[in-house]
Amino acid sequence: KKKKNKKIMALSGELSYKGLTISNSYLKVMQVHHRAVDTSNEAEDGTTTWTKANHADYSARVYKDADAYAANPDQAIYTISGTFTPSVANSANLNIVRQTYEHLKTVSEYSSLTDV
């Protein structure tokens with residue numbers, strides 16, 4: 001049998017915001033946009049080389065807790081945004097939302113949060 005990956009719906013745990021401790025914060029990814037960027041570089045001899053790069057731009061909201069999110073998703077405490085390089089390798093989980101949550105757990109401010 002294939003092991004089914006647990007679906008990450010949000011991240012939860014303790015966060016600090018403007019000097020306040022949010023004990024059971026609920027961090028929910030709201031948007032992710034994947035961009036493929038081609039960049040040219042012209043050498044002194046006039047030859048042009050192209051490089052390709054992938055970017056994922058995201059925004060996520062932080063709530064007091066899961067109940068606050070459920071009650072009104074428009075009333076977040078604050079919103080975060082950022083960019084990371086998503087994986088497009090065949091061995092990677094290509095779900096861009098999952099990759100965003102995995103990226104957020106590598107950011108020091110959110111590294112103690114856990115999947116929910």
Side-chain angles (χ1 to χ4, degrees):
K1 270 187 173 178
K2 247 186 169 179
K3 187 177 178 183
K4 189 173 183 181
N5 284 338
K6 179 184 174 197
K7 187 174 185 181
I8 303 173
M9 301 300 291
L11 298 176
S12 184
E14 186 175 292
L15 287 177
S16 293
Y17 178 68
K18 294 186 176 183
L20 301 172
T21 298
I22 309 166
S23 299
N24 297 306
S25 72
Y26 191 79
L27 188 153
K28 179 78 173 163
V29 170
M30 303 307 281
Q31 289 185 22
V32 185
H33 299 284
H34 181 244
R35 296 182 289 130
V37 179
D38 295 321
T39 306
S40 65
N41 188 8
E42 189 170 325
E44 286 182 20
D45 66 4
T47 58
T48 301
T49 55
W50 287 88
T51 57
K52 298 177 185 299
N54 290 303
H55 302 281
D57 305 311
Y58 64 88
S59 68
R61 293 179 180 168
V62 175
Y63 299 87
K64 176 183 170 287
D65 53 31
D67 291 339
Y69 167 73
N72 188 341
D74 285 337
Q75 291 192 340
I77 297 171
Y78 63 101
T79 300
I80 62 171
S81 61
T83 300
F84 69 98
T85 302
S87 175
V88 293
N90 287 333
S91 61
N93 180 339
L94 298 179
N95 179 322
I96 195 70
V97 176
R98 174 181 278 278
Q99 287 191 50
T100 303
Y101 283 118
E102 295 299 336
H103 162 74
L104 283 164
K105 291 187 291 185
T106 68
V107 176
S108 61
E109 187 174 346
Y110 308 107
S111 62
S112 67
L113 299 182
T114 57
D115 300 346
V116 289

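Just so it is clear, the model here is predicted, and its values are computed rather than measured.
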Task: Chi angles and distances behind the side-chain hydrogen bond (donor to acceptor under 3.5 Å, both in side chains) call for Asn41, Thr49 - done: CA-CA 5 Å; Asn41 188 8; Thr49 55; 4.8 Å; no
Open item on the list: Apply side chain to side chain contact (heavy atoms under 4.5 Å, CB included) to residues Asn54 and His34 and explain how you reach the verdict.
Closed with: CA-CA 7 Å; Asn54 290 303; His34 181 244; 3.4 Å; yes
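- Side chain of Tyr63 to main chain of Pro73: a donor-acceptor pair is present (N/O by atom type, distance under 3.5 Å, no hydrogens or angles).
- Side-chain heavy atoms closer than 4.5 Å link hydrophobic residues (I, L, V, M, F, W, Y) into clusters, and following such links, possibly through other members, connects Ile80 to Ile96.
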Task: Test log, rule side chain to side chain contact (heavy atoms under 4.5 Å, CB included), inputs Val62 and Tyr26 - done: CA-CA 6 Å; Val62 175; Tyr26 191 79; over 6 Å; no
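- By the rule that hydrophobic residues join a cluster once side-chain heavy atoms approach within less than 4.5 Å of another member, Leu11 and Phe84 end up as members of one cluster.
- The salt bridge (Lys or Arg N to Asp or Glu O under 4.0 Å) contacts involving residues 8-19 comprise nothing, where partners must be two or more places apart or lie in separate chains.
- Under the salt bridge (Lys or Arg N to Asp or Glu O under 4.0 Å) criterion, the residue pairs touching residues 59-84 are Arg61-Asp74, with sequence neighbours excluded.
- Listed for the Gln99 side chain is a donor-acceptor partner under 3.5 Å among the backbone atoms of Ser87.
- Contact record, Ser59 with Thr79: CB-CG2, 4.4 Å, taken as the closest heavy-atom pair.
- Separating the OG1 atom in Thr100 from the NE2 atom in His33 is a distance of 10.5 Å, to the nearest 0.5 Å.
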TODO: Apply the test side chain to side chain contact (heavy atoms under 4.5 Å, CB included) to residues Leu15 and Ile77: give CA-CA distance (whole Å), side-chain angles for both, the deciding distance (0.1 Å), then the verdict.
DONE: CA-CA 11 Å; Leu15 287 177; Ile77 297 171; over 6 Å; no
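- Side-chain atoms of Lys105 do not come within 3.5 Å of backbone N or O of Ser112 as any donor-acceptor pair.
- Distance check, rounded to the nearest 0.5 Å: OG of Ser25 to OH of Tyr110 gives 9.0 Å.
- Checked against side chain to side chain contact (heavy atoms under 4.5 Å, CB included), Thr39 has the following partners two or more places apart in sequence or in another chain: Val37, Thr51.
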- [ ] Using the side chain to side chain contact (heavy atoms under 4.5 Å, CB included) rule, take Leu104 and Leu27 through it: C-alpha gap first, then chi angles, then the decisive distance, then the call.
- [x] CA-CA 10 Å; Leu104 283 164; Leu27 188 153; 3.6 Å; yes
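- Ring pair His103/Tyr58: centre-to-centre distance below 6.0 Å.
- Between Asp57 and Thr83, the side chains place a donor N or O and an acceptor N or O closer than 3.5 Å (distance only, hydrogens not considered).
- Considering CG of Asp45 and OG1 of Thr48, their distance stands at 9.0 Å, rounded to 0.5 Å.
- Side-chain N or O atoms of Ser12 include none that pairs as donor or acceptor with a backbone N or O of Thr114 at under 3.5 Å.
- Between Tyr101 and Lys28, the closest side-chain pair of non-hydrogen atoms falls below 4.5 Å.
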